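These numbers were taken from a predicted model, which means no experiment stands behind them.
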Amino acid sequence: MRSRTLTLLAATVSAGLVLSACGANSSDSGGSGSNSASSSAPAAAGGASGKVGVILPETATSARWEAFDKPMLQAALTAQGFEVDIQNAQGDSQKFSTLADGFISSGVKVLIIAPSDPAVGVAVEAKAKTAGIPVIDYDRPSLGGSANYYVSFDNEKVGQLQGQAMADALKSKAGAGFVQIEGAPTDNNATLFTNGQDKVLEPLVSAGTLRRIQKQPINDWDNQLGGTTFEQIFTANGGKVDGVVAANDGLAGAVITVLKRNGLNGKIPVTGQDATADGLMAVMRGDQYMTVFKPIKEEAEATAKLAAALAKGDTAGADAIATGKLHDPKGNRDIKSVLLTPTTILEKDVKTVVTQGYVKAAEICGGDLAAKCTSLGIS
């Protein structure tokens with residue numbers, strides 16, 4: 001996604017796995033894709049050794065990859081005993097392929113990838129398979145590919161949470177009209193988010209309880225394009241929009257910018273996803289109705305445990321971790337998967353994200369939000 005989906009952590013965290021989040025709405029807090037997070041460590045708790053390569057997709061539309069995934073994967077993989085090299089392709093398919101070729105030729109024990117373009121992921125996975133290197137699809141699948149395992153969140157559930165939040169926000173407004181601003185049509189996660197939203201909203205539309213004004217995917221999860229697209233829909237509909245289902249916090253922020261220009265921020269519910277600092281602040285200000293918390297640390301740790309098992313050739317151990325499955329319609333196969341549980345974050349729940357350590361109070365409690373944080377018990 002690019003989801004971006006900075007989806008974050010559920011209230012219940014298993015003792016051995018504290019996994020975590022989807023896309024982010026704030027600006028990139030990490031370095032450029034040319035910088036790697038690399039370290040060498042002796043075999044640790046997981047008993048793994050050797051090098052593991054990780055390729056993240058970009059930073060332009062979501063801060064999650066550098067702010068959350070990179071350090072959390074670094075820590076989790078190092079704890080398993082790997083030498084870790086994490087690179088970011090910055091949305092460049094050629095760079096992604098070049099990075100992958102380098103990892104494959106260097107003989108990494110495991111390759112972990114989150115491509116922006118699934119077709120690139122398919123090509124990379126074919127090369128890795130020929131070289132005998134296991135691949136883990138991280139956060140987003142490469143449909144039609146050959147990855148051994150997939151680690152992400154229950155992304156249809158993410159969409160259901162967004163759809164239910166919109167239904168709840170508009171329940172007192174019979175026939176209310178809403179807009180859906182979705183993620184990239186090439187991102188399977190975005191498709192799953194939409195499917196989940198529609199599971200909740202479609203019956204309400206069919207019954208006439210709610211009215212769908214328009215549903216529009218946004219290429220490349222481009223926040224600027226998302227804002228422009230929403231503004232066009234808003235204008236074409238005479239400025240009459242009662243709610244906006246935005247697929248992540250970045251798109252939600254772009255929608256809120258348009259609403260602010262029209263004096264409607266805080267009056268029209270907007271959903272999000274990733275529980276980013278910007279998203280959480282928007283929720284506390286009342287400009288954004290909700291976000292979805294996806295525990296990225298859990299995602300990173302599950303990935304590291306899978307990688308350790310695969311590096312040791314322990315397929316049974318890997319299968320014991322990946323007990324779920326994702327159906328790949330293009331490859332006509334089921335991918336063994338770890339699918340983590342997302343959580344709705346309303347204003348009253350913001351403290352949960354801080355308590356879990358995903359966002360610091362200092363990041364979200366300054367200026368006009370100081371009093372709000374105090375009232376919510378965030379310090």
Side-chain angles (χ1 to χ4, degrees), residues 3 5 7 25 154-185 189-219 221 223 225-274 279 282-293 342-349:
S3 82
T5 187
T7 312
N25 166 22
D154 183 341
N155 289 312
E156 192 165 285
K157 179 65 175 178
V158 171
Q160 286 179 292
L161 295 178
Q162 294 171 325
Q164 188 59 56
M166 185 55 54
D168 292 344
L170 298 179
K171 63 184 177 183
S172 62
K173 234 180 170 179
F178 66 91
V179 175
Q180 288 169 274
I181 300 296
E182 306 294 359
N189 285 0
T191 299
L192 294 175
F193 300 148
T194 303
N195 291 346
Q197 294 163 12
D198 288 349
K199 276 192 172 181
V200 177
L201 296 172
E202 194 58 47
L204 298 176
V205 171
S206 296
T209 305
L210 295 178
R211 178 173 55 87
R212 178 183 288 107
I213 296 169
Q214 189 169 330
K215 179 194 296 182
Q216 183 62 51
I218 303 300
N219 289 338
W221 289 90
N223 294 334
L225 177 60
T228 301
T229 301
F230 171 69
E231 187 161 31
Q232 291 169 346
I233 296 170
F234 178 82
T235 301
N237 205 56
K240 296 178 181 179
V241 172
D242 297 303
V244 184
V245 181
N248 73 353
D249 287 350
L251 292 172
V255 167
I256 290 166
T257 297
V258 176
L259 294 177
K260 282 182 178 178
R261 285 202 294 266
N262 291 275
L264 293 172
N265 56 301
K267 299 177 182 178
I268 294 177
V270 180
T271 73
Q273 173 190 182
D274 293 337
V283 169
M284 288 194 291
R285 288 188 177 108
D287 292 339
Q288 186 169 321
Y289 184 71
M290 61 84 77
T291 185
V292 178
F293 179 43
T343 305
T344 294
I345 299 294
L346 301 172
E347 181 185 286
K348 65 182 179 61
D349 308 306

(request) Please name all residues satisfying side chain to side chain donor-acceptor pair (under 3.5 Å) with Q232, sequence neighbours left out, ordered by chain then number. (result) none
(request) Provide the full list of ring-ring contact (aromatic ring centres under 6.0 Å, His included) pairs with a residue in residues 232-266, sequence neighbours left out, each pair given once. (result) F230-F234
(request) Drop me the distance from I256's CD1 to R261's CZ, to the nearest 0.5 angstrom. (result) 12.5 Å
(message) Restricting to non-hydrogen atoms, name the atom on N223 and the atom on G250 that form the minimum distance, rounded to 0.1 Å.
(response) OD1-C, 3.3 Å
(request) Return the minimal non-hydrogen interatomic distance between P342 and V292, and the atom names on each side. (result) CB-CG1, 3.6 Å
(request) For A167 and V200, work out which heavy atoms get closest and say how close. (result) CB-CG1, 4.3 Å
(request) Report the residues that fulfil salt bridge (Lys or Arg N to Asp or Glu O under 4.0 Å) with K199, sequence neighbours left out, ordered by chain and then residue number. (result) E156
(message) If I take atom CG from residue L210 and atom CG from residue L204, how far apart are they, to the nearest 0.5 angstrom?
(response) 5.0 Å
(message) If we ignore hydrogens and angles and just use 3.5 Å, is the side chain of D249 paired with the main-chain N or O of G272 as donor and acceptor?
(response) no
(request) Applying salt bridge (Lys or Arg N to Asp or Glu O under 4.0 Å), name anything that partners D349, two or more places apart in sequence or on another chain. (result) none
When the side chains of residues 235-244 are checked against the rest of the protein, which donor-acceptor pairs come out under 3.5 Å, sequence neighbours left out?
from : atom 1 : to   : atom 2 : distance (Å)
T235 : OG1    : E231 : O      : 2.9
N237 : ND2    : K240 : O      : 2.5
D242 : OD1    : K173 : NZ     : 2.8
D242 : OD2    : G177 : N      : 2.8

(message) Under the criterion side chain to side chain contact (heavy atoms under 4.5 Å, CB included), I'd like the reasoning laid out for I218 against T229: C-alpha separation, chi angles, the key distance, then a yes or no.
(response) CA-CA 8 Å; I218 303 300; T229 301; 3.8 Å; yes
(request) Assess the side chains of Q216 and Q180: does a donor N or O sit below 3.5 Å from an acceptor N or O? (result) no
(request) For residues 239-262, pull every pair meeting ring-ring contact (aromatic ring centres under 6.0 Å, His included), keeping only residues two or more places apart or in separate chains. (result) none
(request) Any chance you could measure L225, atom CG, to L251, atom CG, to the nearest 0.5 Å? (result) 9.0 Å
(request) List the atom of A252, the atom of Q288, and the distance in Å for their closest heavy-atom pair. (result) CB-OE1, 3.5 Å
(request) Kindly write out the residues that satisfy salt bridge (Lys or Arg N to Asp or Glu O under 4.0 Å) with R285, not counting sequence neighbours, or none if the list is empty. (result) D368
(request) State which residues pass side chain to side chain donor-acceptor pair (under 3.5 Å) with D168; sequence neighbours excluded, sorted by chain then number. (result) Q164
(message) Rounded to the nearest 0.5 Å, what separates atom OG1 in T194 from atom CD in Q162?
(response) 8.5 Å
(request) Please identify each residue that fulfils side chain to side chain donor-acceptor pair (under 3.5 Å) with K215, with sequence neighbours left out. (result) D198
(message) My understanding is that only residues two or more places apart in sequence, or in another chain, count here; which of them pass side-chain contact (heavy atoms from CB on, under 4.5 Å) with T344?
(response) L161, M290, L346
(request) Tell me, please, which residues at least two apart from P185 pass side-chain contact (heavy atoms from CB on, under 4.5 Å). (result) P217, N219
(message) Are the side chains of N189 and V158 in contact, using a 4.5 Å heavy-atom criterion?
(response) no
(request) Could you tell me the separation between the CZ atom of F178 and the CE atom of M166, rounded to the nearest 0.5 Å? (result) 8.5 Å
(request) Any chance you could measure D287, atom CG, to N265, atom CG, to the nearest 0.5 Å? (result) 4.5 Å
(message) For Y289, give me all partners under ring-ring contact (aromatic ring centres under 6.0 Å, His included), at least two apart in sequence or on another chain.
(response) none
